[in-house]
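In listed order, ligands and their atoms are each counted from 1. Along the sequence shown, the residues carry numbers beginning at 1.
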Amino acid sequence: MSRSMAHRRHRELALIDGDTVAVVGGGPSGSFFAIRLLREARLLGRHVNVIIIERENRIRHDGVLWQSRGCNYCAGGISPRLNEVLERDGLVVPETVVQGEIDTIWVHGLWKNFPFKVPEDMRMYSVLRGSLPQRKGREFGGFDGFLMRKAVEEGAQIISGEVLRVDYSDSGMPLLEISPTSGTTKHVQASFVAISTGVNVKCGADYGANSLIRSLQGMNPRFSPPKTRKALIFELEVGRDYLKKHMNREVYFIEYGSRKLSLEHIALVPKGEFLTVALIGKCIDHAALPEDTIRIIREVLALPHIRRILPNLDPVPLACSCAPRMAVRPARHPYADRLAMIGDAAGSRLNKDGLYSAYRTAKELADTVLHYGIDEHNLEAKYGPVIEWLARDNRYGELAFGVSRLTFCTPVVSRIIYQAFATELKVRDKDRRPLGTVLWKMASGTSDYREVLKGLFSPSVLRSFLIGGVLVTLRNTLTEMLFGVKWGECGRYPTVIMKEKRGDVKRAIEDGLGIKMGESPDFERMYKIRIRALPGRVFDELGKFGDERRNYLKLRSLEINRLSGLPNEMGSVIEYRLKYINMTLRMRLANLVPDRVLLYAVDEKLADRGKLIFDIERREDGNCGLVLYAGFDFKRGETLLGSVYWKLFKILFPAFLHDIFWNHALCRIKEDVERIVEDGEFVEKKLVSLRGQA
Ligand SMILES: Cc1cc2nc3c(=O)[nH]c(=O)nc-3n(C[C@H](O)[C@H](O)[C@H](O)COP(=O)(O)OP(=O)(O)OC[C@H]3O[C@@H](n4cnc5c(N)ncnc54)[C@H](O)[C@@H]3O)c2cc1C
């Protein structure tokens with residue numbers, strides 16, 4: 001009988017006081033496991049020795065601080081769910097390790113991008129895992145160094161070196177062969193071994209072919225390693241100012257590349273001076289890496305939807321890149337007598353939140369080892385369910401990502417879903433947005449994929465999809481065709497203002513103008529668009545309102561002209577003329593604050609208290625937000641006939657036209673202003689480089 005078979009007999013094995021537990025790999029799962037095991041043991045009044053063997057670590061002079069060297073192949077996004085458990089466990093990540101707070105997750109859709117605000121009671125941020133890219137000189141060697149330090153504080157010992165193989169010794173205990181960072185090969189015997197090597201024992205190489213993994217299969221023939229997939233990850237040193245301007249406290253998830261560059265997931269995660277870009281997709285699966293790295297990076301940054309987010313990155317400020325593997329399906333039977341895998345070595349959540357699954361597997365294993373036993377039977381019964389959870393989550397994850405790609409990357413579906421999402425934001429209270437809630441869960445990784453899928457097909461989401469999505473999109477599309485609203489190459493950006501934010505927007509306008517707008521009128525609409533430019537540039541563009549020179553609000557059947565006055569001049573008059581029924585509406589520029597607000601008062605022929613206001617707000621990130629406000633009261637009529645006429649007018653008034661026209665107009669204004677600004681920046685950059693060469 002082979003040695004491994006001998007150890008698969010169902011006999012109870014338990015840790016006893018003074019036993020040694022070896023942890024192979026000091027990444028997050030290894031440290032989480034050590035911390036949990038040592039804390040729980042102390043609570044139970046038991047004593048275990050925990051040794052973490054990590055090949056990348058070096059002890060620093062003071063013997064207290066640990067630094068994780070190199071790179072741990074990760075985008076470093078800490079999900080709200082992981083943050084919650086870290087805080088609960090008193091593992092609050094220090095500010096020196098946090099590289100960027102995240103307020104908004106943007107999911108790129110073919111129609112428009114979806115902004116998901118991180119709820120106020122949650123926290124999401126990014127960290128650097130190790131010491132790469134160089135020059136950042138972080139005190140604790142990033143997130144992994146921080147966790148390892150916590151493990152040391154709890155009593156773990158660290159050995160710097162690589163575990164080459166593990167076998168059962170003659171006494172039936174796991175025996176580790178270690179190649180230390182200095183000195184000759186040594187052996188350590190342990191009562192239990194947690195394998196937390198991740199799947200990049202050698203970055204990007206076939207995980208199963210590694211000598212360590214082969215030795216584990218010898219100990220546990222039923223074990224097969226997780227299925228993995230290649231990823232490409234690179235850091236761009238773009239600088240804080242660039243990130244503040246283009247991605248202030250935001251991350252982007254994009255689920256498509258181009259026909260030529262087949263990508264399934266692009267993550268853009270800002271970290272201090274750096275921007276991490278992580279990619280997966282068929283073009284990465286089939287690429288010869290690292291040879292193709294530079295070509296792929298260039299092609300990704302040249303994709304039109306990426307250039308809209310990250311303009312002017314030429315030359316590419318590449319700081320480092322690597323092509324690690326990512327676990328996409330969990331290991332089979334990752335446990336045997338006195339041995340189990342955790343973290344990526346056991347499996348990971350699909351495409352998101354891998355660190356949370358590392359936490360979860362580590363915690364479950366520590367609890368099993370202490371409370372139930374370390375034999376295969378107990379491990380399977382008590383630790384096995386977390387592996388089943390991962391397998392299930394991966395299966396649902398594949399489905400959820402399939403649906404998500406269909407949702408965000410098919411032109412028609414993407415438009416319908418965006419419309420349903422925007423309608424919810426506009427008309428529903430914050431806590432009653434079923435579609436928004438389920439899309440947030442998917443984007444942030446805060447829920448299991450099963451819950452996401454269940455939510456996606458729930459009656460309330462389907463209702464939102466049909467009424468706020470399909471019907472409204474149909475109506476809008478027909479209207480656009482009727483009035484000749486053409487999107488063409490124009491970028492499409494969100495302009496919706498959330499229901500709960502409208503009061504703030506109005507107050508900001510009142511502050512800018514020094515007026516009180518009074519009670520909400522019968523008709524009231526507000527939209528907002530973010531523009532990467534200084535307020536003066538936007539103000540100038542608004543001066544084209546009513547001019548032939550403008551690119552926005554050029555509609556079939558409706559003429560808009562300035563009848564008198566100069567651009568942005570007090571008293572100037574703009575006229576709307578509906579061509580075929582010869583109906584006109586005039587408005588006069590009645591109030592303005594240069595580079596800030598323009599208030600047009602609508603003549604009283606068609607409406608009372610009519611206002612059209614452009615408000616340009618300065619944003620903290622140096623850009624501006626352009627708000628368009630329109631409001632009026634319907635006329636009441638002084639005679640019976642008049643009153644009936646105006647009531648009918650009110651019923652038939654197509655308020656949605658306003659949404660459609662201004663949504664398109666604001667996107668055009670943004671594109672035109674930003675193009676001018678970017679051309680200017682490009683020329684400036686060229687001049688600086690020419691001066692440098694001279
Ligand atoms: C491209 C990419 C982007 C990702 N982005 C995110 C993200 O934004 N957020 C998120 O939550 N997850 C993300 N993940 C997943 C996340 O990185 C993993 O789930 C997580 O790192 C798993 O932690 P771990 O401790 O199991 O393994 P690892 O982090 O891989 O750590 C394993 C450790 O073991 C050490 N080691 C390996 N072999 C040996 C040996 N033989 N002897 C001694 N030491 C050894 C290694 O040096 C390493 O320190 C990403 C993954 C990839 C590939």
Side-chain angles (χ1 to χ4, degrees), residues 22-34 51-57 68-83 102 124-130 141-145 147-148 158-166 176-181 194-205 207 210-213 215-216 226 228-234 251 253 265-269 271 276-280 284 321-328 341-362 390 444-445:
V23 182
V24 183
S29 58
S31 296
F32 285 140
F33 175 75
I51 302 172
I52 301 177
I53 304 111
E54 168 56 51
R55 58 172 185 198
E56 295 284 0
N57 278 282
S68 177
R69 301 196 359 143
C71 165
N72 260 350
Y73 325 119
C74 177
I78 304 292
S79 73
R81 176 148 79 159
L82 178 62
N83 177 59
I102 294 156
M124 194 171 174
Y125 49 94
S126 61
V127 295
L128 282 165
R129 294 273 309 274
F143 185 68
D144 291 17
L147 287 178
M148 183 165 279
I158 311 286
I159 294 180
S160 290
E162 180 168 356
V163 175
L164 301 177
R165 53 183 298 119
V166 187
L176 285 75
E177 185 183 327
I178 304 172
S179 162
T181 331
I195 303 289
S196 49
T197 53
V199 286
N200 286 290
V201 173
K202 189 159 184 281
C203 178
Y207 176 61
N210 184 274
S211 68
L212 171 65
I213 305 306
S215 72
L216 296 172
T228 62
R229 183 178 194 188
K230 262 193 290 183
L232 178 64
I233 186 159
F234 55 96
V251 287
F253 297 130
H265 191 68
I266 309 175
L268 307 178
V269 184
K271 291 180 195 154
T276 305
V277 184
L279 311 171
I280 42 176
I284 306 294
S321 68
C322 59
R325 289 203 160 254
M326 192 178 233
V328 291
M341 278 90 183
I342 48 174
D344 278 13
S348 164
R349 291 203 70 213
L350 197 66
N351 300 353
K352 273 180 206 232
D353 216 11
L355 289 165
Y356 173 78
S357 43
Y359 170 89
R360 181 105 185 248
T361 50
L390 261 181
S444 63

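Listed by atom number, the atoms of ligand 1 under 4.0 Å from Leu355 heavy atoms are 10 (C), 11 (O), 12 (N), 19 (O), 20 (C). Contact atoms of ligand 1 toward Gly77: 7 (C), 8 (O), 9 (N), 10 (C), 11 (O) (distance under 4.0 Å to a heavy atom of the residue). The atoms of ligand 1 that sit less than 4.0 Å from any heavy atom of Ser196 are 32 (C), 33 (C), 34 (O). Residue contact check: Pro28 has heavy atoms under 4.0 Å from atoms 23 (O), 25 (O), 29 (O) of ligand 1. Of all atoms in ligand 1, numbered sequentially from 1 with element shown, those under 4.0 Å from a heavy atom of Leu212 are 41 (N). The ligand atoms of ligand 1 that sit less than 4.0 angstrom from a heavy atom of Arg325 are 53 (C). Close contacts between ligand 1 and Tyr73 involve ligand atoms 2 (C), 17 (O), 51 (C), 52 (C), 53 (C) [criterion: under 4.0 Å to a heavy atom]. Interface atoms of ligand 1 facing Gly76, defined by a heavy-atom separation under 4.0 Å, are 7 (C), 8 (O).
Looking at Ser357 against ligand 1, nothing comes within 4.0 Å, counting heavy atoms.
With atom 30 (O) of ligand 1 as the reference point, the heavy atom nearest to it among Gly347, Gly445, Gly198 is part of Gly198. Across the listed options Asp344, Val163, Leu279, Ile78, Val163 owns the non-hydrogen atom lying nearest to atom 41 (N) of ligand 1. Checking Arg129, Lys230, Glu162, Arg55 against atom 45 (C) of ligand 1, the nearest heavy atom belongs to Arg55.
Checked by distance only, ligand 1 and Ala231 stay at 3.5 Å or farther apart across all their nitrogen or oxygen atoms. Looking at Ala75 next to ligand 1, an N or O pair under 3.5 Å apart turns up.
Each of Ile195, Thr197, Thr361 was compared with Ile342 under the side-chain contact (heavy atoms from CB on, under 4.5 Å) criterion, and only Thr361 meets it. None of Val23, Leu355, Leu147 except one satisfies the side-chain contact (heavy atoms from CB on, under 4.5 Å) rule with Phe32; the exception is Leu147.
Annotation: side chain to side chain donor-acceptor pair (under 3.5 Å) contacts of Ser444 (sequence neighbours excluded): Thr446.
Residue contact annotation: Asn200 has no non-hydrogen atom under 4.0 Å from ligand 1. Residue contacts with ligand 1: Arg349 is excluded, as none of its non-hydrogen atoms falls under 4.0 Å.
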